[in-house]
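Notes follow the structure.
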Amino acid sequence: MHKLVIYPYSPSCLPLCKFFPIFQSKYEFIDLVSPVGLSFAGHDAGFAANRSDLGIVVHGDISKALDEADELLVPFGDLKNDPVFYDAFNVMCQAAEQGKTVFCAPRLTHSQYKKLKHVASSLHYGFHEKSYRAEYRTTNIYKPSVPVVFVHNLTLEADSFEVTLSLTQRFRRDGVRVSAIGARPEYNFLGMNGSSLLLNFFYGNQRIDSVPECIKAFHHYLRTIELSQHPDVILINIPGAAIPTPNYYNETGVYLYLMSQIVRPDYAVVCMPYADLTVDAFQTLHTNLQLKFSCGMDLVHFSNKVLHVEQARHSEKEQTLYLPEQEIINKTKTLRETGLPFYSALIEEEKESLYQSLLNKLTVG
């Protein structure tokens, strides 16, 4: 087994802690290291997101962790602007100089990549995806021959990466060939499809005047994925928000709209933060999404993440906190009793229920 350490550890790393060893069985996490100041060190990994224990304690000494590890995984993040990642590049160089394999998910500058590539004996860079080529010529717009499922967020990122990995795991368990596509570079580490097209499009590296070419390229990309991988179902994890909020700026559905015009989804799994939702409010949201994007709220994942309204209003950007996991599970079951398709894929029982509901929709139609 290859001994793997994650740095810097934060709540966004939880899906990797759970699913990396499942999709890459030769790896095991021996340590998670959090930067000084986040107050996660000494706690179980689940503590960072107010979740159940994962059985892995977070530590604060990256040098000690590297001494015992074979590999370093740095998750997706902003090396330039996010204080959590301020020394992540130096840590990658330190690990590489010690002969460790480095999994790098943040985007590097040309000079950073050149330096890290020079010192690393083994480097996996998340922005270098597997190349797919198809021997065909066509002028027709791509129309998938298999069901397409969108997994996206309602107002802010609410576990959509984790939900996509959970669904992918269960499809594969049951012998269903699934192609998972998303805009997180870690998809490429997991043997899935971390799309450079999506990464460039969603993270500000695509000019508006090149959108038609981007659409054409994505049609080709999806067609080659289907021809190369022969999936029974395609999952597309779309980042960004589907609807605007009054307290801070978000993507207001721009990315979801464009993706819904590129490929029409058969079903949508909507990931939403906690809210005191009523049946009437759900129906209103479902109808609005259906009219805008041709996909409503077929199934809903209810996260324990909640918007911190006051902080968001003052900072004009997303600020969140995490409610106790069990509180959300109880609320989800109450909503389900009213007939709403709500699940909280924070625990195995709910993940399985969400998957079975989706599988039933795909098989029954």
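- Residues V176 and V233 have side chains in contact (heavy-atom distance under 4.5 Å, counting atoms from C-beta outward).
- Using a 30° and 60° split on the angle between ring planes, F302 and Y274 fall in the tilted class, from 30° to 60°.
- Checked against S179 for a side-chain contact (heavy atoms from CB on, under 4.5 Å), the options V146, N193, V148 give a single hit: N193.
- Looking at D82, its side chain never comes within 3.5 Å of a backbone N or O of G77 through a donor-acceptor pair.
- In this structure, D298 contributes its side chain and A268 its backbone to a donor-acceptor pair below 3.5 Å.
- Taken from OH in Y142 to NE2 in H219, the straight-line distance is 10.0 Å, to the nearest 0.5 Å.
- Hydrophobic clustering (side-chain heavy atoms under 4.5 Å, transitive across Ile, Leu, Val, Met, Phe, Trp, Tyr) keeps I62 apart from I30.
- How far CG of N188 is from OG of S196: 8.5 Å, rounded to the nearest 0.5 Å.
- Salt-bridge check for K143 with E226: failed, with every basic side-chain N at 4.0 Å or more from each acidic carboxylate O.
- The two residues L73 and F103 have their closest heavy-atom pair at CD1-CB, 3.4 Å.
- Between L346 atom CG and I329 atom CD1 the span is 5.0 Å, to the nearest 0.5 Å.
- Annotation: the span from L359 atom CG to D174 atom CG amounts to 6.5 Å, rounded to 0.5 Å.
- Sorted by first and then second residue, the side-chain hydrogen bond (donor to acceptor under 3.5 Å, both in side chains) pairs with a member in residues 15-30 read K18-E162; sequence neighbours excluded.
- Formation of a donor-acceptor pair under 3.5 Å by the T224 side chain with backbone atoms of Y221 is found in this model.
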May I have the step-by-step check of ring-ring contact (aromatic ring centres under 6.0 Å, His included) for Y113 and H118, ending in yes or no? CA-CA 8 Å; Y113 176 77; H118 176 72; over 10 Å; no
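- Within the 4.5 Å cutoff, side-chain heavy atoms of L123 are placed close to those of C104.
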For C93 and L116: C-alpha separation, side-chain torsions, deciding distance, then whether side-chain contact (heavy atoms from CB on, under 4.5 Å) applies. CA-CA 6 Å; C93 291; L116 188 57; 4.2 Å; yes
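- Distance alone, capped at 3.5 Å, is enough to place a donor-acceptor pair between the E350 side chain and the S344 backbone.
- In summary, R107 and D78 do not engage in a salt bridge, as defined by a charged side-chain N under 4.0 Å from a carboxylate O.
- Residues L32 and V5 form no side-chain contact, since every pair of their non-hydrogen atoms from C-beta on lies 4.5 Å or further apart.
- Listed by first and then second residue, the side-chain hydrogen bond (donor to acceptor under 3.5 Å, both in side chains) pairs involving residues 53-67 are D31-H59, S63-Q94 (not counting sequence neighbours).
- Salt bridge absent: K3 and D70 never bring a charged side-chain N and a carboxylate O closer than 4.0 Å.
- With no hydrogens or angles considered, a side-chain donor-acceptor pair links H301 and D159 at under 3.5 Å.
- By the 4.5 Å heavy-atom criterion applied to side chains, Y255 and P239 are not counted as neighbours.
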task: Applying side-chain contact (heavy atoms from CB on, under 4.5 Å), run through V33 and V58 and close with a yes or a no.
output: CA-CA 6 Å; V33 181; V58 180; 6.0 Å; no
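- Residues Y249 and L256 fall into different hydrophobic clusters, defined by Ile, Leu, Val, Met, Phe, Trp and Tyr side chains chained together at heavy-atom separations under 4.5 Å.
- Counting only distance, with no hydrogens or angles, the side chain of K361 and the backbone of Y267 share no donor-acceptor pair below 3.5 Å.
- Put simply, V279 and L277 are part of the same group of oily side chains (I, L, V, M, F, W, Y) that touch within less than 4.5 Å, one to the next.
- The side-chain hydrogen bond (donor to acceptor under 3.5 Å, both in side chains) contacts involving residues 320-329 comprise S52-E325, Q326-N330, where partners must be two or more places apart or lie in separate chains.
- The ring pair (Phe, Tyr, Trp, His ring centres under 6.0 Å) test applied to F23 returns no partner, not counting sequence neighbours.
- A side-chain donor-acceptor contact under 3.5 Å links Y343 and S357.
- Distance alone, capped at 3.5 Å, is enough to place a donor-acceptor pair between the D232 side chain and the R177 backbone.
- Here the closest non-hydrogen pair linking K100 and A69 is NZ-O, 2.8 Å.
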message = Between V269 and L235, is the side-chain contact (heavy atoms from CB on, under 4.5 Å) condition met? List the steps.
response = CA-CA 10 Å; V269 178; L235 296 180; over 6 Å; no
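- Residues F218 and S195 form a side-chain contact, since some pair of their non-hydrogen atoms from C-beta on lies under 4.5 Å apart.
- Residue V270 is grouped with residue L258 when hydrophobic side chains (ILVMFWY) are merged at heavy-atom distances under 4.5 angstrom, including chains of intermediate members.
- Side-chain contact between P75 and E186 is present, with at least one heavy-atom pair separated by less than 4.5 Å.
- Annotation: the span from D87 atom CG to M92 atom CE amounts to 10.0 Å, rounded to 0.5 Å.
- In this structure, P11 and A49 approach most closely via the heavy-atom pair CB-CB, 4.2 Å.
- The aromatic rings of F127 and F76 lie tilted to each other, with the angle between the two planes from 30° to 60°.
- Side-chain contact between Y9 and C17: present, with at least one pair of heavy atoms (C-beta onward) separated by less than 4.5 Å.
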Check: residues 286-296 side-chain donor-acceptor pairs under 3.5 Å, at least two apart:
unit_1: H286; atom_1: ND1; unit_2: M297; atom_2: N; d: 2.9
unit_1: T287; atom_1: OG1; unit_2: Q283; atom_2: O; d: 2.9
unit_1: N288; atom_1: ND2; unit_2: T284; atom_2: O; d: 3.4
unit_1: Q290; atom_1: OE1; unit_2: G296; atom_2: N; d: 3.1
unit_1: S294; atom_1: OG; unit_2: R264; atom_2: NH1; d: 2.3

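- Put simply, the side chain of D44 gets close to the backbone of L54: a donor and an acceptor are under 3.5 Å apart.
- Considering only heavy atoms from C-beta on, P106 stays 4.5 Å or farther from F89 through its side chain.
- Side-chain N or O atoms of K305 include one that pairs as donor or acceptor with a backbone N or O of E157 at under 3.5 Å.
- Note: the hydrophobic cluster containing V74 does not contain Y86 (ILVMFWY, side chain heavy atoms under 4.5 Å, direct or indirect links).
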Self-check item: Check against side-chain contact (heavy atoms from CB on, under 4.5 Å), L190 and F19
Solution: CA-CA 9 Å; L190 299 169; F19 291 100; 5.5 Å; no
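- The line from OG1 of T101 to CD of E71 is 4.0 Å long, rounded to the nearest 0.5 Å.
- Between the side chain of N250 and the main chain of I243, a donor-acceptor pair closer than 3.5 Å is present.
- For the residue pair V102 and A95, the shortest heavy atom distance occurs at CG2-CB, 4.2 Å.
- Note: F29 and H2 fail the aromatic proximity criterion, with ring centroids not under 6.0 Å apart.
- The main-chain N or O of A105 is never found under 3.5 Å from a side-chain atom of Y125 such that the two would form a donor-acceptor pair.
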Side-chain atoms of residues 165-172: list all donor-acceptor pairs with protein atoms under 3.5 Å, sequence neighbours left out, distances to 0.1 Å.
unit_1: S166; atom_1: OG; unit_2: R170; atom_2: NH1; d: 3.0
unit_1: T168; atom_1: OG1; unit_2: T164; atom_2: O; d: 2.8
unit_1: R170; atom_1: NE; unit_2: E352; atom_2: OE1; d: 2.9
unit_1: R170; atom_1: NH2; unit_2: E348; atom_2: OE1; d: 2.6

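- For the residue pair F161 and N237, the shortest heavy atom distance occurs at CA-OD1, 3.7 Å.
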